[in-house]
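Convention: sequence-line order gives letters A, B, ...; per-chain numbering from 1.
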There are 2 protein chains.
Amino acid sequence: MIDFDTPDPEEIAEIPAPLPVGATIGILGGGQLGRMLSVAASRLGMKTHIFEPGENPPAGQVADRVTTAGYDDEAALRAFGEAVDVITYEFENIPTKALDILEELAPIRPNREALRISQDRAIEKGFIQSCGLNIAPHCAVSNALDLMVALETVGVPSILKTRTLGYDGKGQARLSSQEDAAAALEAVGNAPAILEGFVDFEREVSVIVARGVDGSVAFYDPGENVHKNGILATTTVPARLGENRQKAAKLAAQTIAEGLDYVGVMGVEMFVTASGLLVNEIAPRVHNSGHWTQNGCVIDQFEQHIRAIAGWPLGDGTRHSNVVMENLIGDDMDRVPELAADPANALHLYGKAEVKPGRKMGHVNRITGPAEDHS
Amino acid sequence: MIDFDTPDPEEIAEIPAPLPVGATIGILGGGQLGRMLSVAASRLGMKTHIFEPGENPPAGQVADRVTTAGYDDEAALRAFGEAVDVITYEFENIPTKALDILEELAPIRPNREALRISQDRAIEKGFIQSCGLNIAPHCAVSNALDLMVALETVGVPSILKTRTLGYDGKGQARLSSQEDAAAALEAVGNAPAILEGFVDFEREVSVIVARGVDGSVAFYDPGENVHKNGILATTTVPARLGENRQKAAKLAAQTIAEGLDYVGVMGVEMFVTASGLLVNEIAPRVHNSGHWTQNGCVIDQFEQHIRAIAGWPLGDGTRHSNVVMENLIGDDMDRVPELAADPANALHLYGKAEVKPGRKMGHVNRITGPAEDHS
């Protein structure tokens, strides 16, 4: 008998059918990411249904339906889950109990494993290492004794970050010497944390990668990020990154996406160091550092995410223009009249009623020219 | 006394203040144009309120508010007018009585004169001629006797069109000989009509022009249109049009916009003939032949319209890519899976629940390369 190398049918994962035009995308979270996802869904003839505890969410202004309820409101979660064809999210800290209810009612994409891993910095770092990728020196910290041990390993300067719920520089404390230990623990509320060594990096880049239900992968060019006060200030494409490192950055993002059997768009932040790339953080969702794609590519990260989670073919991620994305934070909104008058700028404002210091109110994509190799 | 040539202050029209971020744009009509206007408004941090007699309008899926009511519902019109900061529209055949109510409550942009003129083909043609622009031979027709006289002047082949309410080839009849007269009159329901001579044109182009509240003007490159069965099938940019004719086409559009003291985006269709350009039709709104701007320019016609009617600075109309826009009509929706898989395509679907023959269901912008002079 000839032994053909045919795949075992049971080993071929079934590829879910694409959602039809007119389907409803459920989005957990009604901020600017949900808002721009909703707009992108509309381009594909889809409706969106936003689930958000806060009143009058920005995404609600451009969504077909809005449910205003907490993540502990089981009846509201059930009604939402029954009304939508797929569930996605704009932030990673969704309570597990809510997910337990929702997953019975509609597919959650990206999957729960991506959420579980990205919700906890220690688990995330372990997972990235298990993918064979490099990360900064770090150590988990639960108490003062742990921190003493961690400081021996990681050294100073270093940064203590809560394992969960931190974002935009919140829940973090810097340590310049061992004597900062007590203050740092207090600053993170004595919550379970990790101590991360400072990395002597040349720059930070991020790759926005998309993976479809069929395992197909699409990339956007890496963007170069600059943070101010722990919040992303600008992303510039192209990043100053040689061809080999561009490839390495994309491969790292792909490895992570495949390791998670990921479906959707993911942002992967990396440090560029003299000795190579270090993966810093994963965001299992569309990412602020991918906003430039709205004016740099035909299919932006938001539509790409909708395509992926709807089981549609991924779009082309080729960049046609060079772009500098700048976040408009708090009082930056005073600059809107001037920014609107500059013909190189594309404005994207989030419809938030109240300007607050540190609050992301919008962004501007400044077109700096055609992509060098655009043809 | 020295006679300075200073303008009379009373002759300087006051420039209205720009609407603030967060303002509400009222849109009459909830079809695909209202839908794409609503999405564009969201980019500028504005909300939209749709007024539409039909249930579940496509625009309602991406609007902050929807009023479902007829144009004869005075209370609904009043509530709508009071809830919005400016009123615009996606179609020109708005009943005069509705406008009488609305204009007391919020500015209507583009203005009523643009509506009055574009609602009646005979008035429109007279206006275009009064601007010093060329049009096809034509003659107003109210009855069989008029038509006999008109046929003497205009000749055959010619086309009889209702003066009002015709669109997408509806309310039209062709005449190949004088004997077609009775049938043609019947075909247009014996309504007031005009007889238009067929023009021996090389191609049809249209110019999308925008004019701001301060009189500033911005253009998009002319697109070349192909119709099938009286409905726009494709628009291609760049149009095959020499530099001088491009300029002449833009100047004609500007002349019309200025003649109407127009505010907003306007579509102007023109025939290219051996002896020059003939203006065919004005649309006082965003126009199907401008949909290519969504993927050919940084600021598309929808955002440009919102900028204009909100009193914001106009955006740059420079084209960065060559595009072929193709309408998806009726069963063309069966091609969506194939179209979505082609990386050169950007899909724009309208969220209409029911596919009907001749119904515009979406369009696809096919990117055919970078604009030649894009720099």
Point to revise | Side chain, backbone, both or neither of V336(B) within contact of chain A (heavy atoms, under 4.5 Å) | key: side chain
Point to revise | Per-residue contact mode, M333(B) against chain A (heavy atom under 4.5 angstrom) | key: side chain
Review point. Which pair of heavy atoms, one from I299(A) and one from A346(B), lies closest together, and at what distance?
Key: CD1-CA, 4.4 Å
Study note, to complete from the structure: All heavy atoms of P337(B) vs all of P313(A), minimum pair found to be O-CG, 4.4 Å
Practice item. Count the heavy-atom pairs under 4.5 Å between each of S38(B), A218(B), G60(B), A340(B) and chain A, then report the option with the highest count. Key: A340(B)
Review point. Taking H348(B), Q294(B), M361(B) one by one, which has the highest count of heavy-atom pairs under 4.5 Å against chain A?
Key: H348(B)
Heavy atoms, side chains only, cut-off 4.5 Å: are [X] and [Y] in contact?
X       : Y       : value
Q61(B)  : S42(A)  : no
P370(B) : H320(A) : no
L44(A)  : L347(B) : yes

**Study point:** Closest-packed option against chain B by number of heavy-atom pairs under 4.5 Å, given A63(A), P18(A), P58(A)
**Key:** A63(A)
**Study point:** Largest heavy-atom contact set with chain B, pairs under 4.5 Å, which of N295(A), V39(A), V66(A), N365(A)
**Key:** V39(A)
Exercise for review: Look only at the side chain of R43(B) and the backbone of Y350(A), and say whether a donor-acceptor pair between them is shorter than 3.5 Å.
Suggested key: no
Less than 4.5 Å to any heavy atom of chain B: does that hold for the side chain of [X], its backbone, both, or neither?
X       : value
N345(A) : backbone
V21(A)  : side chain
R65(A)  : neither

